[in-house]
Amino acid sequence: MESSPAFKSKDVVSICSYLERFCTDHINHALQPAPDHASALHAFLPSLLACIFGAPKARGWMQTVLTSDQLVAVRKLLAPSGAFVTALTSLSGSEDYKYYLSTDKLPEDIRRALTTGATGYLPRVYRECVFLDESKVSTVLDYRAAATRQASVFPVTNTGEHRIRFSMIQFYLYYMVSTATWQPPTPPPAPLISSLSSTTSHSSSTGSYSTSTTSTTSTNGNAHEPAFLLTGKIQALKDGVYLDLIQQYMNMLMPFVANDAAPLVPRIGYFFQDLLVEIWVRSQWVASGQKWTMDQVMCVAALIKFITSADLRRGPVSKPESTFGHLYQQLKHDYYLMISRCAHNWARDDSYICVLYLWSLWACPWQLGTIDLPSVPPKSKANMVSLLNKSRIEHAPLDEGYALFMLDNACFYIPLVDVFLQRMASLTFADRPVAATAAPSASLLPSASASASATTTPSMPVTRSAMQPMASSLYSAPRTSPLTAPYPSSAFPTPNGTPRTQPAPGPQQLGPLASNQPTRAPPPSPWQTSSLYGELYMVHLIAAVWRTRGVVPVLALIEDGTDAYASSLPSEGTQSTDSALAAFFKHTRAKINSYASKGGASSQLHGAIAALTTLTSITDTKFVATKINEQHDWMRALQGTSTPWKPSRLYSAKHTARQESLIKLMDTLALAIRKRQPQQSAALKKIATASTWAPFGPLAAANSSSANKEDTEAIVSVTQSIASSLQIPIPDAPSSSPSTLKPSSSTLSSTSSSSTAGSTISHQTSASTTALPAAKTSSDLHARKQPAMREIRPLGPRADTSVRSYELACLLIITYTIDGYIKKAWKTFHAYYPWRSKLPVQCPISVRILAAPVNLFYFVLLPLFLLIVWCLYI
């Protein structure tokens with residue numbers, strides 16, 4: 001087929017028309033396709049897909065800027081209902097036209113399952129395509145290893161080797177989906193000197209091909225392009241027709257997402273669905289300090305948007321064996337693990353917005369996938385506000401019936417948000433963009449659709465996913481495919497022709513290229529730097545979910561329910577090795593906790609279940625209780641079974657101590673505000689000018705400028721939004737700040753003021769005990785010299801055992817023991833009498849007042865003395 005005039009002309013429209021006629025005349029309309037034509041298409045398909053979709057080190061039509069006529073021709077050729085795809089589907093029913101998958105390109109867990117024969121652990125996309133190749137027997141090596149080194153508990157294959165085999169349509173879909181996991185091609189470096197006299201001519205040798213011919217290599221080691229590949233400017237995969245084609249395939253091959261009763265496509269079934277989840281979600285990961293390409297981000301977003309647009313409210317109530325129920329359960333766990341890996345390891349720059357964007361697609365299903373990722377991070381307040389207003393649509397998830405979805409996906413809102421807050425708390429909120437701390441990578445680079453004369457940095461490292469199903473791992477069956485030669489063993493040559501053992505640094509150069517010419521590095525991408533408004537936009541994306549009406553109360557109930565369920569579980573007994581004093585305090589603390597919460601854990605759990613049952617509009621309380629138990633088990637597994645249970649304190653405002661990551665984020669925002677305060681004391685200015693050290697970080701260059709005021713207002717806005725949504729106090733802020741720095745009174749937990757000489761200084765209660773103090777003034781220092789007029793009493797369980805200044809420790813021990821008996825009797829009395837509902841649950845009786853000697857004298861000793869005297873005189 002490659003020798004036809006259409007391919008020799010290098011015209012995309014002619015090639016597409018020829019392929020459509022060939023498939024229609026010789027395969028689709030034929031009663032029985034001729035073996036010659038079917039074998040020709042089967043043998044040529046890998047080369048054709050390499051030309052259309054490219055290869056890991058070569059570009060294709062999808063990575064090349066095409067004209068409007070060429071785009072129409074490509075869309076018509078690759079349409080899921082077109083003649084080309086129909087021909088591949090019809091030939092997939094024959095066992096003669098198969099492709100084998102090389103196991104060395106698969107993840108480690110998949111390779112191990114195939115090697116040991118544990119095919120039951122394989123994902124469904126591989127499990128349904130695995131077969132036993134009896135031509136290769138590996139028992140000799142396995143038995144030798146067991147007899148000479150160490151035995152293995154895995155089953156040993158004694159009849160052959162397990163391998164994966166794809167049909168033609170499966171091979172086509174696998175290749176198309178794998179394209180998104182490759183690094184995007186980069187333009188060749190352009191020389192500063194326009195002379196072409198020193199350029200080396202591109203080798204015209206056909207070279208030797210891999211078994212799939214999807215990633216070809218010439219005999220001299222240079223990247224080989226098919227002879228019919230057109231020339232043109234390089235573009236990113238997301239800028240072409242790739243995402244439109246994926247959307248068409250999802251609409252046709254996954255109809256059950258919108259309709260559970262829709263039939264499956266013959267000879268494809270669940271393959272395309274499992275393929276997207278396996279390659280784009282489950283197997284994706286990112287190395288520490290690295291990131292994905294923008295093509296990967298947009299492809300995963302397209303998949304999640306397609307799923308969420310079909311109404312996820314039916315996911316928690318769908319049966320796991322149903323078509324949509326299986327997809328929902330599989331994607332819920334795999335997508336969470338993928339986002340969690342990205343949240344921990346992503347590079348520290350503005351591209352972290354992509355992680356939050358992918359998270360928000362699943363965490364906000366009521367938006368039905370209408371959220372869009374900005375093309376560049378915001379660089380000003382007006383730009384950030386416009387981006388936020390585009391997605392600011394009033395929703396009421398409780399009224400729309402999403403409470404059960406939030407309960408079933410609580411890990412997306414509690415432990416995953418805690419990871420996000422830990423990253424947000426480490427931000428700098430700098431005054432101007434700074435270079436990224438992580439090594440720059442080839443991911444999220446400027447669009448490759450720029451002019452081909454654009455230059456690249458030869459030594460720039462690249463990021464690769466753990467699962468990049470390279471097309472070179474596929475090869476056709478030996479019976480019909482002539483392309484069976486492996487990769488050449490020759491090394492990659494240097495520009496002067498000397499072989500080397502590693503590939504030459506720099507991008508793969510396509511077509512004629514200038515050798516030994518100096519290149520100019522391009523400017524960094526906006527996604528490779530950190531800016532103030534990029535970091536504020538990250539915080540706004542999380543705060544936007546909290547601002548949604550009714551979200552925080554539901555999440556607070558889920559927090560309380562999981563915590564109450566954990567408290568109701570029996571604790572594991574451990575042998576104590578503490579000293580006698582430590583054991584006494586531990587026993588005392590355990591008794592206090594038992595009096596304070598043990599009796600209320602069951603009631604708190606039942607209360608949370610009842611409230612969530614009402615919000616979810618489900619009458620079955622057992623179903624809601626099961627969901628709470630599942631979320632607790634999931635969070636417990638994420639924390640680690642060997643560590644004590646650590647409850648979340650993000651959303652429930654009844655706890656005095658909130659989540660540590662949330663407190664750190666509020667302190668970081670407060671510190672960013674203080675760094676931009678317009679006035680500073682003379683002492684701080686003198687220290688800052690005398691040395692390079694500044695107490696609150698580097699001083700702003702234009703401290704009183706309008707730009708600084710605008711930045712401060714933006715930081716205060718997001719701080720007030722978090723404080724009002726989660727009911728958490730705002731950290732200390734200086735009184736000398738402008739009016740925009742003064743938070744609203746509704747967000748303050750407590751305030752204290754002191755008036756001196758006609759000036760009033762207001763101090764807000766800090767959310768953290770480690771917050772940095774505000775700038776000191778003369779009146780402030782005078783007020784701090786005054787002794788405290790009242791004593792601050794301790795809070796929580798410590799209040800029952802702390803000895804106050806007017807009490808005696810020996811008396812406190814006696815009164816605390818008596819109070820324990822009183823509370824126990826009150827609890828028994830309250831549980832067995834029918835009119836107990838009129839009485840308070842907590843015992844209102846206490847003899848703690850007698851721990852003070854003065855009270856003991858007047859209430860006990862003096863009346864006793866008077867009674868004795870009266871008895872003696874009588």
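Distance alone, capped at 3.5 Å, places no donor-acceptor pair between the Ser283 side chain and the Ile279 backbone. A donor-acceptor pair under 3.5 Å is absent between the side-chain atoms of Arg636 and the main chain of Ala566, judged by distance alone. For the pair Gln329 (side chain) and Pro320 (backbone), a donor-acceptor distance under 3.5 Å is absent. Using modelled atom types, no side-chain atom of Ser288 and backbone atom of Asn345 make a donor-acceptor pair closer than 3.5 Å. Using modelled atom types, no side-chain atom of Arg267 and backbone atom of Ile169 make a donor-acceptor pair closer than 3.5 Å. Here the side chain of Thr562 pairs a donor or acceptor atom with the backbone of Ile558 at under 3.5 angstrom. For the pair Thr181 (side chain) and Ser178 (backbone), a donor-acceptor distance under 3.5 Å is present. Here the side chain of Arg658 pairs a donor or acceptor atom with the backbone of Leu726 at under 3.5 angstrom. Using modelled atom types, one side-chain atom of Trp527 and one backbone atom of Ser375 make a donor-acceptor pair closer than 3.5 Å. The backbone N or O of Pro80 sits nowhere less than 3.5 Å from a side-chain atom of Gln248 that would complete a donor-acceptor pair.
Looking at every heavy atom in both residues, Val74 comes nearest to Val241 through CG1-CG2, 4.2 Å. Between Pro365 and Leu312, the shortest heavy-atom contact is CB-CD1, 4.0 Å. Nearest heavy-atom pair across Ser530 and Asp349 is OG-CA, 3.3 Å. For the residue pair Trp346 and Arg423, the shortest heavy atom distance occurs at O-NH2, 3.0 Å. Taking both residues in full, the closest heavy atoms of Ala714 and Met384 are given as CB-CE, 4.3 Å, listed atom of the first, atom of the second, then distance. In this structure, Val419 and Ala343 approach most closely via the heavy-atom pair CG1-CB, 3.8 Å.
Side chains of Lys305 and Asp372 form a contact here, defined as non-hydrogen atoms less than 4.5 Å apart. Here the side chains of Gln290 and Val286 are in contact, with some heavy-atom distance below 4.5 Å. Side chains of Cys411 and Leu416 form no contact here, defined as non-hydrogen atoms less than 4.5 Å apart. You'll find the side chain of Phe256 stays beyond 4.5 Å of the side chain of Ser322, heavy atoms only. Considering only heavy atoms from C-beta on, Leu303 stays 4.5 Å or farther from Tyr335 through its side chain. Residues Val545 and Val417 have side chains not in contact (no heavy-atom distance under 4.5 Å, counting atoms from C-beta outward). Counting heavy atoms from C-beta on, the side chains of Glu559 and Pro647 never come closer than 4.5 Å. Counting heavy atoms from C-beta outward, Met424 and Leu427 have side chains that approach closer than 4.5 Å.
The aromatic rings of Phe166 and Phe271 lie perpendicular to each other, with more than 60° between the two planes, well past the 30° mark. Using cut-offs of 30° and 60° for the angle between ring planes, the His632 and Tyr565 rings count as perpendicular.
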Below 3.5 Å, can you tabulate the donor-acceptor pairs from side chains in residues 533-543 to any protein atom, sequence neighbours excluded?
{"residue": "Tyr533", "atom": "OH", "partner": "Asp711", "partner atom": "OD1", "Å": "2.5"}
{"residue": "Glu535", "atom": "OE1", "partner": "Phe429", "partner atom": "N", "Å": "2.8"}

Counting only pairs under 3.5 Å, give me each side-chain donor-acceptor contact of residues 403-410, with atom names and distances, residues two or more places apart or in other chains.
{"residue": "Asp408", "atom": "OD1", "partner": "Lys332", "partner atom": "NZ", "Å": "3.4"}
{"residue": "Asp408", "atom": "OD1", "partner": "Lys627", "partner atom": "NZ", "Å": "3.1"}
{"residue": "Asp408", "atom": "OD2", "partner": "Tyr328", "partner atom": "OH", "Å": "2.7"}
{"residue": "Asp408", "atom": "OD2", "partner": "Lys332", "partner atom": "NZ", "Å": "3.3"}
{"residue": "Asn409", "atom": "OD1", "partner": "Trp362", "partner atom": "NE1", "Å": "3.0"}
{"residue": "Asn409", "atom": "ND2", "partner": "Tyr328", "partner atom": "OH", "Å": "2.9"}
{"residue": "Asn409", "atom": "ND2", "partner": "Phe405", "partner atom": "O", "Å": "2.9"}

- [ ] Go through the steps for Leu122 and Ile110 under the test side-chain contact (heavy atoms from CB on, under 4.5 Å), then give the verdict.
- [x] CA-CA 6 Å; Leu122 291 173; Ile110 303 298; 3.8 Å; yes

Task: Audit row: Glu400, Arg313, side-chain contact (heavy atoms from CB on, under 4.5 Å) steps and yes/no - done: CA-CA 9 Å; Glu400 298 173 10; Arg313 288 175 292 185; 4.2 Å; yes

Open item on the list: One pair to check against side-chain contact (heavy atoms from CB on, under 4.5 Å): Phe53 and Leu78. What are the steps and the verdict?
Closed with: CA-CA 11 Å; Phe53 297 101; Leu78 302 180; 4.0 Å; yes

Open item on the list: Could you go through Phe272 and Met252, starting from their C-alpha distance and side-chain angles, then the distance that decides it, and tell me whether this counts as side-chain contact (heavy atoms from CB on, under 4.5 Å)?
Closed with: CA-CA 10 Å; Phe272 187 68; Met252 180 176 178; over 6 Å; no

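For the atom pair CH2 of Trp546 and OG of Ser721, the computed distance is 9.0 Å after rounding to the nearest 0.5 Å. One distance of note links CG of Leu398 with CH2 of Trp366; it measures 9.0 Å at 0.5 Å rounding. How far CD of Gln296 is from CD of Gln284: 5.0 Å, rounded to the nearest 0.5 Å. Here the CE atom belonging to Met254 is positioned 10.0 Å from the OG1 atom belonging to Thr323, to the nearest 0.5 angstrom. Separating the OH atom in Tyr402 from the NE2 atom in His395 is a distance of 9.0 Å, to the nearest 0.5 Å. To the nearest 0.5 Å, atoms CD1 (Ile715) and CG (Leu669) are separated by 7.5 Å.
Residue-environment remark: CD (Gln727) stays at or below the threshold of 12 foreign heavy atoms within 6.0 Å. No more than 12 heavy atoms of other residues, nucleotides or ligands lie within 6.0 Å of CZ in Arg549, so this atom counts as exposed by the packing criterion.
In summary, Lys319 and Asp260 do not engage in a salt bridge, as defined by a charged side-chain N under 4.0 Å from a carboxylate O. The pair Asp418-Lys646 does not count as a salt bridge, with every side-chain nitrogen at least 4.0 angstrom from each carboxylate oxygen.
Thr293 and Asp295 form no side-chain donor-acceptor contact under 3.5 Å, judged by distance and modelled atom types alone.
Legend: residues meeting side chain to side chain contact (heavy atoms under 4.5 Å, CB included) with Ala301, ordered by chain and number and at least two apart, are Tyr357, Leu358, Leu361.
In this structure, Tyr249 has its ring center no closer than 6.0 Å to that of Phe306. Between Tyr175 and Trp182, the gap from one ring centroid to the other is short of 6.0 Å.
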